[in-house]
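For reference, the structure is listed below as structure tokens.
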Amino acid sequence: MITWRKVTEEDFALLRSWLREPHVARWWCHETSAEAVARDFGPAARGEEPSEDLLVLLDGVPVGLVQRCRFADYPEYLAELAEQVDVPEGAVSIDYLLGDPARVGQGLGPRVIRAIVRATWTDHPDASAVVVPVHADNRASWRALEKAGLLRVGSAELAPDNPADSRAHYVYRITRPTSEAQHDSPG
């Protein structure tokens with residue numbers, strides 16, 4: 001079963017190890033010193049930042065990270081993206097990683113994305129859509145979004161996480177289902 005909980009400072013060593021994994025480092029391009037991880041994940045862990053950092057568990061075992069935020073809480077990012085594609089009012093975004101390389105390529109990514117999207121409708125009752133920009137070269141990531149039911153709605157030129165990459169991104173979206181569709185869809 002896929003569950004999650006808020007990241008705590010006790011999780012930082014695990015995050016550091018995941019951020020060092022080649023399949024994660026390629027796309028997240030994140031500093032992995034203890035100080036950098038504390039600097040970048042500490043504010044959300046302490047509730048000082050509006051984004052959510054969620055440790056994803058599979059049958060109680062940590063396997064990944066999901067970051068979830070409302071675009072409205074990051075107006076500069078919203079403005080940059082909204083100049084290029086439609087971002088509905090109330091939209092939420094996610095970013096994600098599977099930390100253990102042995103878990104990659106087994107269909108877990110789409111399962112995690114589907115689960116967090118479903119939870120977003122409950123956790124954020126005003127969320128109109130989940131909108132996810134993903135680097136155009138990160139085929140595994142955008143395929144996971146597609147398998148999870150998100151649709152590619154456009155392209156955007158955005159600053160990449162890895163400075164070696166181009167600015168080319170695909171933008172995916174899933175809109176909040178109507179209440180009738182929520183009742184008709186399988187669990």
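Values below: all heavy atoms of this structure, side chains included; hydrogens, waters and symmetry mates excluded.
- D53 approaches A44 most closely through the heavy-atom pair OD2-CB, 3.5 Å.
- Heavy-atom minimum distance, W4 versus A115: CH2-O, 3.4 Å.
- When side chains are defined from C-beta on, R176 does not count as touching S128, because their heavy atoms never get closer than 4.5 Å.
- Between A25 and L19, the closest heavy-atom pair is CB-O, 3.5 Å.
- At most 12 heavy atoms of other shown residues, nucleotides or ligands fall within 6.0 angstrom of atom CD in E76.
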Q. Going through the distances and angles, do D11 and R5 end up as a side chain to side chain contact (heavy atoms under 4.5 Å, CB included)?
A. CA-CA 11 Å; D11 299 318; R5 63 168 173 77; 2.8 Å; yes

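- Across all their heavy atoms, D100 and A102 have their closest contact at OD1-N, 2.9 Å.
- Cluster membership check: W28 shares its hydrophobic cluster with L14, using side-chain heavy-atom separations under 4.5 Å among Ile, Leu, Val, Met, Phe, Trp and Tyr.
- In the hydrophobic clustering of ILVMFWY residues, with side-chain heavy atoms under 4.5 Å counting as a link, V132 and I2 come out together.
- Counting heavy atoms from C-beta outward, W121 and V130 have side chains that approach closer than 4.5 Å.
- Atoms CD and OG, on E146 and S141 in that order, are 10.0 Å from each other to the nearest 0.5 Å.
- Between the NE2 atom in H169 and the CG atom in D161 there is a gap of 6.5 Å [rounded to 0.5 Å].
- In this structure, Y170 and W142 have perpendicular ring planes: the angle between them is above 60°, well past the 30° mark.
- Listed here is the closest heavy atom pair of P160 and D165: CG-O, 3.4 Å.
- In this structure, L158 CG and H135 NE2 are separated by 9.5 Å, a value rounded to the nearest 0.5 Å.
- With a 4.5 Å cut-off on side-chain heavy atoms, Y74 and E49 count as touching.
- Closest non-hydrogen pair, A127 versus V92, comes out as CB-CG2, 3.7 Å.
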**Q.** Stepwise side chain to side chain contact (heavy atoms under 4.5 Å, CB included) test for L55 and L65
**A.** CA-CA 5 Å; L55 189 72; L65 172 75; 5.5 Å; no

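- Using a 30° and 60° split on the angle between ring planes, F71 and Y77 fall in the parallel class, below 30°.
- The neighbour count for E48 CD, taken as heavy atoms of other residues, nucleotides or ligands under 6.0 Å away, is above 12.
- Under the 4.5 Å side-chain contact rule for hydrophobic residues, L108 and V66 share a cluster.
- Residues Y172 and I94 share a single hydrophobic cluster, defined by chaining ILVMFWY side chains whose heavy atoms lie under 4.5 Å apart.
- If you run side-chain hydrogen bond (donor to acceptor under 3.5 Å, both in side chains) between E52 and each of R68, K6, Q67, R70, only R68 comes through.
- For the pair L145 and I174, the minimum side-chain heavy-atom distance is 4.5 Å or more.
- Annotation: side chain of I113 is not in contact with side chain of R111 (no heavy-atom distance under 4.5 Å).
- The shortest side-chain heavy-atom distance between R39 and E31 falls under the 4.5 Å cut-off.
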Q: Quick one: do V56 and V63 satisfy side chain to side chain contact (heavy atoms under 4.5 Å, CB included)? Show the steps, please.
A: CA-CA 6 Å; V56 178; V63 294; 4.0 Å; yes

Q: Report the C-alpha distance between L97 and W18 in whole Å, list the side-chain angles of each, state the deciding distance to 0.1 Å, and finish with yes or no for side chain to side chain contact (heavy atoms under 4.5 Å, CB included).
A: CA-CA 9 Å; L97 65 84; W18 287 346; 3.8 Å; yes

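- Taking CG of L58 as the start and CZ of R103 as the end, the distance is 5.0 Å to the nearest 0.5 Å.
- Between P50 and C69, every side-chain heavy-atom pair lies at or beyond the 4.5 Å cut-off.
- At most 12 heavy atoms of other shown residues, nucleotides or ligands fall within 6.0 angstrom of atom CZ in R139.
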Can you list, pair by pair, the side-chain donor-acceptor contacts under 3.5 Å of residues 81-88, counting residues two or more places apart and other chains?
residue, atom, partner, partner atom, Å
Q84, OE1, E157, N, 2.5
Q84, NE2, E80, O, 3.2
Q84, NE2, E157, O, 3.0
D86, OD2, R173, NH1, 3.3

Q) Could you go step by step and tell me if H30 and D40 meet the side chain to side chain donor-acceptor pair (under 3.5 Å) rule? A) CA-CA 9 Å; H30 199 285; D40 294 341; 3.0 Å; yes

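- With contacts defined as side-chain heavy-atom distances shorter than 4.5 Å, the pair D95/V134 does not qualify.
- Hydrophobic clustering keeps W27 apart from V104 (ILVMFWY residues linked when any side-chain heavy atoms are closer than 4.5 Å, directly or through intermediates).
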